[in-house]
Number of protein chains: 2
Amino acid sequence: MNNGRFAIALHILTLLDKANGELLSSEYLAGSININPAMVRKELINLRNNGFVQSKEGKNGGSSLAISANEIALGAVYQSVKQTALLGSQKNTPNPKCPVGENINEHLNNLYNDTELVLIEQLSKQNLADFSSKFN
Amino acid sequence: MNNGRFAIALHILTLLDKANGELLSSEYLAGSININPAMVRKELINLRNNGFVQSKEGKNGGSSLAISANEIALGAVYQSVKQTALLGSQKNTPNPKCPVGENINEHLNNLYNDTELVLIEQLSKQNLADFSSKFN
DNA sequence: TCATTCTGTAATTATTTTTATTACAGTACA
DNA sequence: TGTACTGTAATAAAAATAATTACAGAATGA
């Protein structure tokens, strides 16, 4: 997928883990990542939908982890932000009159799926707690 | 990396393998992939630089595999087209004043590198001959 | 030798994807 | 009821990718 969102999501999660339940505002998170608070909020929507974080609106609001850091496998984080296939582009419209062109998408998809499975497995050897513990 | 180039490269290589040494023109290749011949030539430059194919200029020219299809591991094809890190974006400039921001790139890079290694290993379980044999 | 058919490559443009920005309604608190 | 947040949409900007055009140079063969 090659997605800057993976880095952002993991960055947010790491900060939330370090905060130990204290609510962090999107502005604060954005400050550490060095991006716009609105971007952080967008990513938080996704992290919330995946059950990783919870947010509180209004004054003194902010976000915190919704589950324990060792329940968040990095592979799950990857899956939550991935939008396109690992190696493919969305548009691939080969010539169906050619025997290779006709079938290559099927074979590529099989290859991508198998590969992605292994990738997720590998990422999941670490969970958020493991990752976060690498920081002081 | 998430690169349409992987699909294009593999498509080209598969066609060349099927051609059994016969020279195929960039126009012919482009016809099967359904892209512009100039794009094919660009990708051929890369495939040539990696020793996978050879081309002949001039009339009746074209390209063919430079080595046997079972010497071309799919992981090597991936490596030849990859330009950005597997999961990262080029620009990631977190706030160095934050202990997490300061070190996250190092940890992300380690994670990406380990993951990519596994990915290449997985892809390399198949070589071009294996892949190509899936087509009639 | 010279027209033809290719590749090699650069320059340019177009398209798509990603990221950033702005804005403001809604919510919670004190 | 003012303040400090989130939620979300709309828009714009930037970056990455893909496509197109163009033409010089190479090999062939009539």
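All values reported here derive from a predicted model rather than from experimental measurement.
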May I ask you to verify if any side-chain N or O of A:Lys42 is less than 4.0 angstrom from the OP1 or OP2 atom of D:dT6?
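Checking D:dT6 against A:Lys42, no side-chain N or O comes under 4.0 Å of OP1 or OP2.
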N or O in side chain of A:Ser26 less than 4.0 angstrom from D:dT6 OP1/OP2:
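Looking at the OP1 and OP2 atoms of D:dT6, one of them is under 4.0 Å from a side-chain N or O of A:Ser26.
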Take the protein atom [atom1] of [X] and the nucleotide atom [atom2] of [N], then report the distance between them rounded to whole Å.
X	N	atom1	atom2	value
B:Leu29	C:dG8	CG	P	12 Å
A:Tyr28	D:dC5	OH	P	13 Å
A:Lys59	D:dC5	NZ	C1'	9 Å

Transitive ILVMFWY side-chain link A:Tyr112 to B:Leu74, under 4.5 Å
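In one cluster with A:Tyr112: B:Leu74, yes.
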Between B:Ala76 and B:Ser124, the two heavy atoms sitting closest are N-OG, 4.3 Å
Where the side chain of [X] is concerned, which of [options] is the nearest nucleotide?
X	options	answer
A:Lys56	C:dA28, D:dG7, C:dT4	C:dA28
B:Ile35	D:dA19, C:dA20, D:dT8	D:dA19
B:Ala38	D:dT20, D:dG29, C:dG8	D:dT20
B:Met39	C:dT19, D:dT8, D:dA18	D:dA18
B:Glu57	D:dT6, D:dA26, D:dA27	D:dA26
A:Asn60	D:dC5, C:dC29, C:dT5	C:dC29
B:Asn36	C:dT7, D:dT6, D:dT20	D:dT20
B:Arg41	C:dC6, D:dT8, C:dG8	C:dG8

Between B:Asn50 and B:Asn46, is any side-chain donor less than 3.5 angstrom from a side-chain acceptor?
yes
Rounded to the nearest 0.5 Å, how far does OG of B:Ser133 lie from CZ of B:Phe135?
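So the gap between those two atoms works out to 9.5 Å.
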Distance check, rounded to the nearest 0.5 Å: A:Glu57 atom CD versus A:Ser63 atom OG?
10.5 Å
Should the side chain of B:Arg5 and the base of D:dT17 be counted as holding a donor-acceptor pair, with the cut-off at 3.5 Å?
no
Can you work out whether A:Ser63 or B:Ile8 has the more 5'-proximal nearest nucleotide on DNA chain D?
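Looking at the nearest nucleotide for each, A:Ser63 comes out on the 5' side.
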